[in-house]
2 protein chains.
Amino acid sequence: MDRRRTDKNDEASAQGRPTLKTLAFMTGLGVTTVSRALKDAPEIGAETRRRVQLVAKQIGYRPNRAGIRLRTGRTNVISLVLNTDREIMSFVSDIIYGVSEVLAETPYHLIVTPYSRSQDPMEPIRYLVETGSADGVIISRTQPNDPRARYMLEHGMPFATHGRTDMGLVHPYHDFDNHAFASAAVRRLASMGRRRLALLSPPPGLTYYSHTLDGFADALSEVGASEIPFNTVSIDHTIEQIRMRTAQVMRRDVRPDGFVSSAAAATLAIVAGIEDAGLKLGRDVDVVSKQSSDLLHLFRRELLVVNENFRLAGSELARSVLGLIGGAAPGSLQSLVVAGDVQSFSPPVPV
Amino acid sequence: MDRRRTDKNDEASAQGRPTLKTLAFMTGLGVTTVSRALKDAPEIGAETRRRVQLVAKQIGYRPNRAGIRLRTGRTNVISLVLNTDREIMSFVSDIIYGVSEVLAETPYHLIVTPYSRSQDPMEPIRYLVETGSADGVIISRTQPNDPRARYMLEHGMPFATHGRTDMGLVHPYHDFDNHAFASAAVRRLASMGRRRLALLSPPPGLTYYSHTLDGFADALSEVGASEIPFNTVSIDHTIEQIRMRTAQVMRRDVRPDGFVSSAAAATLAIVAGIEDAGLKLGRDVDVVSKQSSDLLHLFRRELLVVNENFRLAGSELARSVLGLIGGAAPGSLQSLVVAGDVQSFSPPVPV
DNA sequence: TTGGCAATCTGTAACGTTTCAGTATATTGA
DNA sequence: TCAATATACTGAAACGTTACAGATTGCCAA
């Protein structure tokens, strides 16, 4: 039963990139049928379905994203919103790869939406929501009362946050247990006989600032150690600022004999400051630091480290947004990574 | 002259997001006129133009990208193609920000298209070209005979490369003068009395591998120093591999008294290896390294560094692709950054 | 007055997709 | 036998934009 068409659309085959029309022409079916056959709709005959899909594969048909987007409003885009100035370097790289890893097996693309220090953090969010240029959003630098999260919740834009909020609203997130990190760090330092501890905290304002502070304080009282105030700087300050401030503090009579640092780059500055003051790491003072790649032990083997995996964070966040878009309950898309052990240097094993 | 319309389209104003139709309804003009007025077309009256633009601004009209893309084929997207495994961490972060900086003032979005070690580097390129999902592409890890560049040139996809090719084809690029870097490094080491130099090179295969090797060799013969072969590792190897190999070489009778390193992370490994062998940086051996952020001097102040600015690279590459899309001659969109001086540690100035 | 022309504005079609409201054809039940 | 129903398919319309090919108006030269 040859039912080749003789419409005015014969030329469909001549075009560059195949469309549904091309497929319709080649199979002798209507474009509606082809469209439905490709997405395994129920009311399409089994043989027709197979035939269409075969031809589609053969000629390398790829749906036109603009067409889909115009018609359905779905963009097949996930946007990662990043602060251009303050984001940790390895964070950017790792989280992008983590997200990519997950998106690679989906029709989704990753677009990076940056905003700078000078800018209102809400601006990129508003843009994304107003223009509908993404199906889902991932944000970092999450705050306890985060206007971005609230706004997206109100406007029905699916999103996941790196870090938790504290607004009584439920939404997907991925977080590292910074309370546990700070506590473990303090306990470790205490176990080494360190008694006067300083904390280089995350920037105040972000949710994990208080998590870290609480973990630090809780463990301090648990082990009976005391805190040397070090809250005029945070990991958002420049290397130079942290270094100067550390040197200052270390030159005082009553100085810290232990540091807990929330970021690897900042730890370099702390160590530099310690040495500026003429003191020695491991003898006069010990430092426990978070790190996201295994470099600190190359820097000073006396350093104590806890690893935070940003690539994992990226994957988890991507999975969460996709889940949310797919209709899963927001509450089921939350993950908290427990901090691993505090690790001291162990020499590499020769091969 | 009241020419309010009484079509069936009155409801245009009720919709959620304003479109050309909404504007047409509000101004009492046709959508064609509105469309042209918004892009300052010549045959639109001055007053009409102003009126339309005013209303558009007032109600926050944003053109629908899907509509534009479907109609014109323009995506307003620049794709940055990155290797998920081998790309330098700070490179990813900095180049993304550099690109973003430039794109921010344009209607363009940045999408990140990753590929992994296991994958054919051509695959993401073919995808982009075949599906037309970007108006321009930026690639890194450029090779002398780069199939990606050739393919995009053949298919008319605008692109810029980070690093040069050597195929006799002209296309936009941005590159760092690695020949000059390696030469300057060697000269500096020679000036300090170092005579037996080793080079930790970029991965063979990339164009700047030979640039670096040539610069190294040229300066060696110029200053009459000799090379200690170190070519079983490159900066693409793991920290551990580089460290082991360095330690091995440093334990030999005839060992390097100077290193030139093409990447900061690798330099950490070299220094670790040197110290594994019981030798001391600055006394037994000196190291000149490229770095993209100012961390190496915190690590060991004896290190000598040359800075490479990836953020600048990102901006330049973005400007190049945009220029090419805008019709500029490819040959006019090439930039080569001369390496700065070799810098030794200078103590920070207290504020 | 007429024709021509410039200056402004307009409707229609098309880009590729999905949805809606069907239309044929075969199958079933009575 | 007929109607009802299920199965498999279809055309037209719409999403928002731009390009094309006019249409209308006013003005000026002849």
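Lettering follows sequence order; numbering is per chain, from 1.
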**Asked** A:T72 near the nucleic acid: base, sugar-phosphate alone, or nothing, with a heavy-atom cut-off under 4.0 Å?
**Response** sugar-phosphate
**Fill in**
Applying side-chain contact (heavy atoms from CB on, under 4.5 Å) to B:L82 and not counting sequence neighbours gives A:Y97, B:L80, B:E87, B:F91, B:V92, B:V112, B:S140
**Prompt:** B:D146 and B:R141: salt bridge (Lys or Arg N to Asp or Glu O under 4.0 Å), yes or no, with the steps?
**Reply:** CA-CA 9 Å; B:D146 200 302; B:R141 299 185 67 82; over 6 Å; no
**Asked** So, the side chain of B:S79 versus the backbone of B:A134: is there a donor-acceptor pair under 3.5 Å, distance only?
**Response** no
**Complete:** Residues in residues 62-70 of chain A with a heavy atom under 4.0 Å of DNA chain D, by number, are A:L70
**Request:** Counting heavy atoms from C-beta on, name the nucleotide in D:dC9, D:dT17, C:dC9 closest to the side chain of B:Y61.
**Result:** D:dT17
**Side-chain N or O of B:T48 closer than 4.0 Å to phosphate OP1/OP2 of C:dT8** = no
Identify all pairs in which a protein N or O lies below 3.5 Å from an N or O of nucleotides 24-27 of chain D, and state each distance.
none

**Prompt:** Over how many whole Å does the gap from A:R36 atom CZ to C:dG22 atom P extend?
**Reply:** 16 Å
**Message:** In this structure, how many angstroms lie between the C1' atom of C:dC9 and the CZ atom of B:R49, rounded?
**Reply:** 13 Å
**Complete:** To the nearest angstrom, the NZ-P distance between B:K21 and D:dC15 comes to 5 Å
**Message:** With no hydrogens and no angle check, just 3.5 Å: does a side-chain donor-acceptor pair link A:T165 and A:H171?
**Reply:** yes
**Fill in**
d(B:L169 CG, B:E154 CD) to nearest 0.5 Å is 8.5 Å
**Item:** Positive for side-chain contact (heavy atoms from CB on, under 4.5 Å) with A:V81, one of A:I111, A:L128, A:I138
**Value:** A:L128
**Asked** What salt bridge (charged side-chain N to carboxylate O under 4.0 Å, His left out) pairs are there with at least one residue in residues 91-115 of chain B, not counting sequence neighbours?
**Response** B:E101-B:R311
**Message:** In this structure, how many angstroms lie between the P atom of C:dA24 and the CG atom of A:L29, rounded?
**Reply:** 17 Å
**Message:** In whole Å, I'd like the distance from the CZ atom of A:R71 to the C1' atom of D:dA13.
**Reply:** 8 Å
**Message:** Rounded to whole Å, please give me the gap between CZ in A:R74 and P in C:dT17.
**Reply:** 12 Å
**Asked** Is any N or O donor-acceptor pair between the side chain of B:T32 and the base of D:dA19 shorter than 3.5 Å?
**Response** yes
**Message:** Before we go on, tell me: are the rings of B:H109 and A:Y127 under 6.0 Å apart, centre to centre?
**Reply:** yes
**Asked** Do the side-chain N and O atoms of B:D40 and B:Q53 include a donor-acceptor pair separated by under 3.5 angstrom?
**Response** yes
**Request:** Find the bend of the helix from C:dT1-D:dA30 to C:dA30-D:dT1 as the angle between its two terminal axes (five pairs each), to the nearest 10°.
**Result:** 60°
**Message:** If you compare every side-chain N and O of B:K39 against the phosphate oxygens of D:dT18 (OP1, OP2), does one of them come in below 4.0 Å?
**Reply:** yes
**Asked** Around atom CD of B:E47, are there more than 12 heavy atoms of other residues, nucleotides or ligands at under 6.0 Å?
**Response** no
**Item:** Residues in side-chain contact (heavy atoms from CB on, under 4.5 Å) contact with B:I68, at least two apart in sequence or another chain
**Value:** B:P63, B:T72, B:R74
**Prompt:** Is the closest side-chain donor-acceptor distance between B:D135 and B:T75 under 3.5 Å?
**Reply:** yes
**Distance in angstrom units between A:F25 CZ and D:dT10 P, rounded** = 14 Å
**Prompt:** Separation of A:I44 atom CD1 from C:dT18 atom P, in whole Å?
**Reply:** 12 Å
